[in-house]
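Just below is one structure, and these are the notes that go with it.
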2 protein chains.
Amino acid sequence: MTSPAAGKPIRTAITDEDGIDFAIIELFFFAYRDFTSDPDQILADYGFGRAHHRVLHFVNRRPGLTVAELLDVLKITKQSLARVLKQLIDTDHIVQVQGPRDRRQRELYPTAKGRALALALARPQSRRIRAALEDSGTTERATIERFLEAMVNPELRAQIDIVPAQTSGKNHGDH
Amino acid sequence: MTSPAAGKPIRTAITDEDGIDFAIIELFFFAYRDFTSDPDQILADYGFGRAHHRVLHFVNRRPGLTVAELLDVLKITKQSLARVLKQLIDTDHIVQVQGPRDRRQRELYPTAKGRALALALARPQSRRIRAALEDSGTTERATIERFLEAMVNPELRAQIDIVPAQTSGKNHGDH
DNA sequence: AAATTACGTCAATAGTACTGACATAATTCC
DNA sequence: GGAATTATGTCAGTACTATTGACGTAATTT
């Protein structure tokens with residue numbers, strides 16, 4: 001059972017006494033696990049995975065972004081994106097349009113089908129968030145927004161602000 | 001570029017007007033991505049992945065849990081756990097102890113080495129959380145805790161309460 | 001004694017990711 | 001105009017995490 005030179009078992013639980021915030025670390029894990037489980041079930045019907053969801057989401061959020069921009073947001077490599085993007089194009093969820101200024105670029109846009117799927121995937125997630133805000137008595141979602149934004153690496157926060165969240169009205173300055 | 005029967009590109013961004021909370025959906029994605037990137041870098045030095053981290057975390061949080069209990073918390077299959085657990089045992093981060101009441105069971109405990117690694121992995125995550133609470137001016141972490149807990153499926157919230165978070169003092173009533 | 005439970009393991013497969021290399025077309029630089 | 005660079009696509013090989021299905025063993029329960 002225990003190999004000869006094995007260390008002795010520690011029988012006490014690790015706690016926050018070391019100044020480490022295990023409570024929130026663990027909650028974040030559970031919350032994200034369940035947050036992603038909603039769309040996962042829908043995606044399975046299409047033979048898609050989480051990667052397809054992420055691509056679909058950002059193409060809907062920033063229609064016309066290029067492949068390079070998408071790679072930058074997702075923080076994955078071109079090769080990882082290739083298969084997923086090809087499947088979404090083949091199934092008519094996303095279309096490529098040749099860049100107007102630079103014809104090497106491929107601008108990515110959702111089709112009506114892709115828009116519908118993106119909404120269907122987001123719906124249960126949004127419902128979960130709304131319920132959580134109500135259940136937890138958090139009247140101001142701004143608190144949660146600020147916290148989550150502060151959890152993001154400062155140098156990457158620029159990515160978030162590309163799409164005007166919801167309060168600010170208009171700045172889609174893309175062309 | 002566009003295949004013959006392809007749908008037409010939609011050029012407007014998806015927004016919150018559909019009653020969907022895209023702002024928080026997206027923030028949650030970015031926040032979790034960066035939250036996990038800290039330990040990922042440390043794990044790479046050991047040839048470990050995220051799966052090893054999760055196992056190590058829960059064995060440290062609930063020393064003496066059985067394989068079946070671990071599977072239930074992680075929501076993965078026995079076969080998926082097998083390789084990861086074996087590696088952690090072979091590298092002397094975790095030891096198995098035959099169950100006292102039921103000798104079929106394997107109680108899992110961290111070694112001193114496993115405890116140290118778990119702490120090292122949690123440290124940057126805790127630092128990020130503390131910084132986020134300060135940056136966002138969220139004085140009461142209770143708000144964040146309540147929100148995150150409310151994001152978890154109700155029927156799975158029991159898993160969270162096994163370890164007394166941090167406010168309540170002592171109730172490790174395991175033996 | 002038979003059925004069930006807890007665990008381990010073997011085989012095959014899938015999804016997502018990686019690195020490295022190479023090709024093509026278009027743009028920019030000199 | 002020719003060379004270098006850029007944007008994209010693709011091929012080959014590999015790794016990690018996960019899956020289902022099947023089988024074996026020891027221990028407990030019925």
Side-chain angles (χ1 to χ4, degrees), chain A residues 1-3 29 32-33 36-37 39-57 59 64-91 94-108, chain B residues 1-3 29 32-33 36-37 39-41 43-57 59 64-90 94-108:
Chain A
M1 188 101 298
T2 46
S3 59
F29 165 72
Y32 196 76
R33 184 192 63 178
T36 52
S37 71
D40 279 356
Q41 302 203 328
I42 299 171
L43 288 161
D45 299 337
Y46 293 77
F48 290 162
R50 228 171 260 185
H52 299 85
H53 185 188
R54 291 197 288 267
V55 170
L56 202 52
H57 170 87
V59 169
L65 52 37
T66 64
V67 171
E69 286 166 349
L70 185 53
L71 292 175
D72 191 52
V73 171
L74 297 178
K75 293 269 170 294
I76 59 172
T77 61
K78 192 173 33 161
Q79 294 80 352
S80 298
L81 176 64
R83 176 187 53 91
V84 169
L85 183 56
K86 192 175 186 331
Q87 288 176 330
L88 286 169
I89 291 170
D90 290 347
T91 54
I94 290 178
V95 287
Q96 290 180 317
V97 176
Q98 204 171 50
R101 288 176 295 273
D102 187 333
R103 290 185 302 173
R104 289 172 305 180
Q105 293 183 332
R106 307 282 185 269
E107 293 185 345
L108 303 173
Chain B
M1 188 99 299
T2 47
S3 60
F29 165 72
Y32 196 76
R33 184 192 64 179
T36 52
S37 70
D40 279 355
Q41 302 202 330
L43 288 160
D45 299 337
Y46 292 78
F48 290 162
R50 229 171 257 186
H52 299 84
H53 185 188
R54 292 198 287 267
V55 171
L56 202 52
H57 171 87
V59 169
L65 50 36
T66 64
V67 172
E69 286 166 349
L70 185 53
L71 291 175
D72 191 52
V73 172
L74 297 178
K75 293 267 171 294
I76 59 172
T77 60
K78 190 174 36 161
Q79 294 80 351
S80 298
L81 175 63
R83 176 189 52 91
V84 169
L85 183 56
K86 193 175 186 330
Q87 288 176 330
L88 287 169
I89 291 169
D90 289 347
I94 291 179
V95 288
Q96 290 180 316
V97 176
Q98 203 170 52
R101 288 175 294 274
D102 188 335
R103 290 186 302 174
R104 288 173 306 180
Q105 292 183 334
R106 307 281 186 268
E107 293 185 344
L108 303 174

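None of the values given here were measured: they were computed from a predicted structure. Atom set for the values below is all heavy atoms of this structure, side chains included, hydrogens, waters and symmetry mates excluded.
- Here the nucleotide nearest the side chain of B/Arg54, chosen from D/dT20, D/dA18, C/dC7, is D/dA18.
- Atom OH in B/Tyr46 sits about 17 Å away from atom P in D/dC16, given to the nearest Å.
- Straight-line distance from the CG atom of B/Leu43 to the P atom of C/dA17: 17 Å, rounded to whole Å.
- Judged by distance alone, the side chain of B/Arg106 and the main-chain N or O of B/Arg104 form a donor-acceptor pair under 3.5 Å.
- When each of D/dT17, D/dT8, C/dT27 is scored by its nearest atom to the side-chain atoms of B/His52, the top-ranked nucleotide is D/dT17.
- The CZ-P distance, from B/Arg106 to C/dA6, rounds to 12 Å in whole Å.
- The structure places CZ of A/Arg54 at 10.0 Å from CZ of B/Arg33, a figure rounded to the nearest 0.5 Å.
- In this structure, CD on A/Glu107 lies 8.5 Å from CD on A/Glu69, to the nearest 0.5 angstrom.
- Across all strands shown, B/Lys78 has heavy atoms under 4.0 Å from base atoms, whether or not it also approaches the sugar-phosphate.
- The separation between A/Leu71 atom CG and C/dT19 atom P is 12 Å, rounded to whole Å.
- In this structure, CZ of B/Arg101 is placed 23 Å from P of D/dA26, rounded to the nearest angstrom.
- For A/Asp40 and C/dA14, the CG to C1' distance is 14 Å, given to the nearest whole Å.
- Closest approach to the B/Ile76 side chain among C/dA17, C/dG8, D/dT19 is made by D/dT19 (side chain taken as heavy atoms from C-beta onward).
- The side chain of B/Ala51 sits closest to D/dT17 out of C/dT9, C/dT16, D/dT17.
- Side-chain atoms of B/Gln87 never come within 3.5 Å of backbone atoms of B/Val84 as a donor-acceptor pair (strictly under, hydrogens ignored).
- Closest contact between the side chain of A/Arg103 and the listed nucleotides C/dT27, C/dA17, D/dT28 involves C/dT27.
- Taking 3.5 Å as the limit, the base of C/dG8 and the side chain of B/Gln79 contain no donor-acceptor pair of atoms between them.
- Remark: P of C/dA26 and CD of A/Gln98 are 7 Å apart, rounded to the nearest angstrom.
- Using a distance-only test at 3.5 Å, with no hydrogens or angles considered, no donor-acceptor pair links the side chain of A/Ser80 to the main chain of A/Ile76.
- Each of B/Asp102 and A/Pro100 has a nearest nucleotide on DNA chain C; the 5'-most of these lies closest to B/Asp102.
- When the nucleotides C/dA17, D/dT8, D/dT17 are ranked by their closest atom to the side chain of A/Ser80, C/dA17 comes out on top.
- Contact between the side-chain N/O atoms of A/Thr77 and the OP1/OP2 oxygens of C/dA17 is not found at any separation under 4.0 Å.
- The CG atom of B/Asp72 sits 15 Å away from the P atom of C/dT5 (whole-angstrom rounding).
- At the heavy-atom level, B/Arg83 lies under 4.0 Å from base atoms of the strands shown.
- The side chain of A/Val84 approaches C/dT16 more closely than any other nucleotide in the set C/dT16, D/dT8, D/dT17.
- At a cut-off of 3.5 angstrom, counting only N and O atoms as typed in the model, there is a donor on one side and an acceptor on the other between the side-chain of B/Arg104 and the base of C/dT5.
- Results of the side chain to side chain contact (heavy atoms under 4.5 Å, CB included) test with B/Lys75 over B/Leu71, B/Thr77, B/Asp72 single out B/Asp72 as the only residue that passes.
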